[in-house]
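Working notes for the structure below.
Only this structure's heavy atoms are used, side chains among them; waters, hydrogens and symmetry mates stay out. Index from 1, following the sequence.
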Amino acid sequence: MGSGKSTLGKNLAGLLQLNFIDLDNYIETHEKKSITLIFEQQGENSFRKIESTCLLEVLDVQQPSVIALGGGTICFGNNLAQVKNAGLLVYLELSAADLAIRLKNNLSERPLLKNVNTEELVTNIAGKLSDREIFYRQAHLIVNGSNLSVQTLQQKIIDFKNENSPI
């Protein structure tokens, strides 16, 4: 939800010469409609089922990939366990205030925020973060997303792997 997953993920994949998959884009291609339209026509529960199905397809890709997940993906069904079993899960952590600054100009593209006015945005995002925190904290690696460069992210991943590899 505005933490930079898609942008950093794409850049990281390029740097590492890996395949990049944005789960939201994959869903839109798979369903032939926008995420916003899926939410409007079918509701969040149906979207989450579609998301879980598409996630399994994406995780089944045979080539190593960087995958940008939606902000709520790991919070539903067995998605958290599936992602953690498939590879390294990184949480790009930002405050509600920082996320609000990043998101305020494209709320209409965010189904869970599209009816939120700017005065309530920080409070709404803080609530979402609070609800999701129990899932986000289970990531293998938690990285502060403020002013995060792709090179810094790459180094944090390398350091994590070096610290956690079997001897």
Salt bridge (charged side-chain N to carboxylate O under 4.0 Å, His left out) against Glu93, all qualifying residues, sequence neighbours excluded: Arg137
Near [X] [atom1], under 6.0 Å, is it more than 12 heavy atoms from other residues, nucleotides or ligands?
X      : atom1 : result
Asn147 : CG    : no
Asn45  : CG    : no
Lys49  : NZ    : no
Lys84  : NZ    : yes
Ile134 : CD1   : no

Distance from [X] atom [atom1] to [Y] atom [atom2], nearest 0.5 Å?
X      : Y      : atom1 : atom2 : value
Gln41  : Ser46  : CD    : OG    : 11.0 Å
Ile125 : Ser130 : CD1   : OG    : 13.5 Å
Ile38  : Glu44  : CD1   : CD    : 12.5 Å
Gln151 : Lys156 : CD    : NZ    : 13.5 Å
Ile67  : Lys5   : CD1   : NZ    : 13.5 Å
Asp24  : Glu51  : CG    : CD    : 7.0 Å

Within residues 59-88 or reaching into it, pairs that qualify as ring-ring contact (aromatic ring centres under 6.0 Å, His included) - sequence neighbours excluded: none
Residue pairs fulfilling ring-ring contact (aromatic ring centres under 6.0 Å, His included) with at least one residue in residues 77-102, sequence neighbours excluded: Tyr91-Tyr136
Shortest non-hydrogen contact between [X] and [Y], atoms and distance:
X      : Y      : answer
Leu129 : Ser95  : CD1-C, 4.2 Å
Ala96  : Val122 : CB-O, 3.7 Å
Ile21  : Ser65  : CD1-OG, 4.1 Å
Ser146 : Asp98  : OG-OD2, 3.3 Å

With Gln17 via side-chain hydrogen bond (donor to acceptor under 3.5 Å, both in side chains) - residues at least two apart: none
Partner set under side-chain hydrogen bond (donor to acceptor under 3.5 Å, both in side chains) for Gln155, not counting sequence neighbours: Asp159
Between Thr73 and Asn79: side-chain donor-acceptor atoms closer than 3.5 Å: no
Donor-acceptor pair, side chain of Ser6 and main chain of Gly4, under 3.5 angstrom: no
Side-chain (Asp22) to main-chain (Asn25) donor-acceptor, under 3.5 angstrom: yes
Sub-4.5 Å side-chain heavy-atom contact between Ile27 and Leu55: no
Pairwise side-chain contact, Glu133 with Gln138, heavy-atom cut-off 4.5 Å (strictly under): no
Shared hydrophobic cluster, Leu37 / Tyr26 (ILVMFWY, side-chain heavy atoms < 4.5 Å): no
Hphob cluster co-occupancy, Leu89 + Leu56, side-chain heavy atoms under 4.5 angstrom: no
Nonpolar side-chain network containing Leu16, other nodes, edges under 4.5 Å: Leu8, Leu12, Leu15, Leu18, Phe20, Val66, Leu88, Val90, Leu92, Leu141, Val143, Leu148, Val150, Leu153, Ile157, Phe160
